[in-house]
There are 2 protein chains.
Amino acid sequence: MAESECTPLEKLLNQISGQWTMYILWILDTNGTMRFGELKRKIDSISPKVLTQRLRMLEEIGIVYRSYESTIPPQVSYELTERGKELSKPLYDLCDLASRWYDGEANT
Amino acid sequence: MAESECTPLEKLLNQISGQWTMYILWILDTNGTMRFGELKRKIDSISPKVLTQRLRMLEEIGIVYRSYESTIPPQVSYELTERGKELSKPLYDLCDLASRWYDGEANT
DNA sequence: TAAAGTAGTTACCATTTAGTAACTCTATAA
DNA sequence: TTATAGAGTTACTAAATGGTAACTACTTTA
């Protein structure tokens, strides 16, 4: 899809619609600052490659802040930026909806 | 990603995170009942194949209702179900955010 | 008589995406 | 002395995805 010539909503949706993306944001939103390994363990079935890709992209568009400390072993933390925190409300609504729709339901 | 063994939010996000999906829902939300061709023209750069796929999937999970009238030429309409309308609020919030972030900005 | 309109479907191909396993670096713990 | 930890990176492969163009049906319009 052409990235240019689209509405603001289309642009935002293109950014956050990738697999895992919104879920990562939700985890960061509810847990606050987290290290790479923590995130990886929380999401579990995501591969480190994809997790890195998503985090770098989210950093690039100003939704996630990455802080790096070059200790050995290195410590890298991720958190939502002010802009990223604005996604909190719609994410919460989706989570609430999802619970009402799917909680206590067998996954087929 | 495994569809089973995931939280309600993950399940919902898996369903609506595909390309175009949330945008289609937004268009249906703001325009009400629409015919296939209208939808196609509104979104434009989507291919008919993918539009059909998305609509069928959304129908299957109970978010979109499809009504078919076998006139010649046939008339097919799509609209959000009651459940689908529950997505209205988070979608509106995302749209609002997107406008504030990206309105009047050059797309790079 | 031929084209247009509606709502798709189908086959085929190219691209994108995701997963896997192996590897990096250095200090510290066992 | 070897393994482990943390935060990735890289190459390779497999799968999913999306686009394109052609085609369906039948009636009405030009």
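Within every chain, numbering begins at 1; the chains are lettered A, B, ... in the order of the sequence lines, protein sequences first and strands thereafter.
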field: Where B/T21 and B/I16 come nearest, the two heavy atoms and their spacing
entry: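 Closest approach of B/T21 to B/I16: CB-O, 3.5 Å.
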task: Evaluate the criterion salt bridge (Lys or Arg N to Asp or Glu O under 4.0 Å) for residue pair B/K89 and B/D93; output intermediate values, then yes/no.
output: CA-CA 6 Å; B/K89 197 170 129 214; B/D93 287 340; 6.0 Å; no
For the pair made of [atom1] in [X] and [atom2] in [N], what is the distance, rounded to whole Å?
X     : N      : atom1 : atom2 : answer
A/I43 : C/dA18 : CD1   : C1'   : 15 Å
B/Q19 : C/dT15 : CD    : C1'   : 12 Å
A/M34 : D/dG8  : CE    : P     : 14 Å
A/I24 : C/dA18 : CD1   : C1'   : 13 Å

field: Basic-acidic side-chain contact under 4.0 Å: A/E38, A/R41
entry: no
message: Using a strict threshold of under 4.0 Å (side-chain N to carboxylate O), is an ion pair present between B/E86 and B/R83?
response: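 The answer is no: the pair does not qualify as a salt bridge.
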query: Does A/T33 have any side-chain contact (heavy atoms from CB on, under 4.5 Å) partners at least two apart in sequence or in another chain, and if so, which?
result: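 Per chain and number, A/T33 pairs via side-chain contact (heavy atoms from CB on, under 4.5 Å) with A/S77, A/E79.
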message: For B/P8, give me all partners under side-chain contact (heavy atoms from CB on, under 4.5 Å), at least two apart in sequence or on another chain.
response: A/A98, A/Y102, A/D103
Give every donor-acceptor pair under 3.5 Å between a side-chain atom in residues 58-69 of chain A and any protein atom, sequence neighbours left out.
from, atom 1, to, atom 2, distance (Å)
A/R66, NE, A/Y78, OH, 3.2

field: DNA chain C-proximal residues of residues 50-78 of chain A, any heavy atom under 4.0 Å
entry: A/V50, A/R54, A/I72
message: If you take any heavy atom closer than 4.0 Å to DNA chain C, which residues from residues 35-42 of chain B end up in contact?
response: B/R35, B/F36, B/G37
- prompt: Listed by chain and number, what are the side chain to side chain donor-acceptor pair (under 3.5 Å) partners of A/S99, not counting sequence neighbours?
  reply: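 By the side chain to side chain donor-acceptor pair (under 3.5 Å) rule, A/S99 matches no residue at all.
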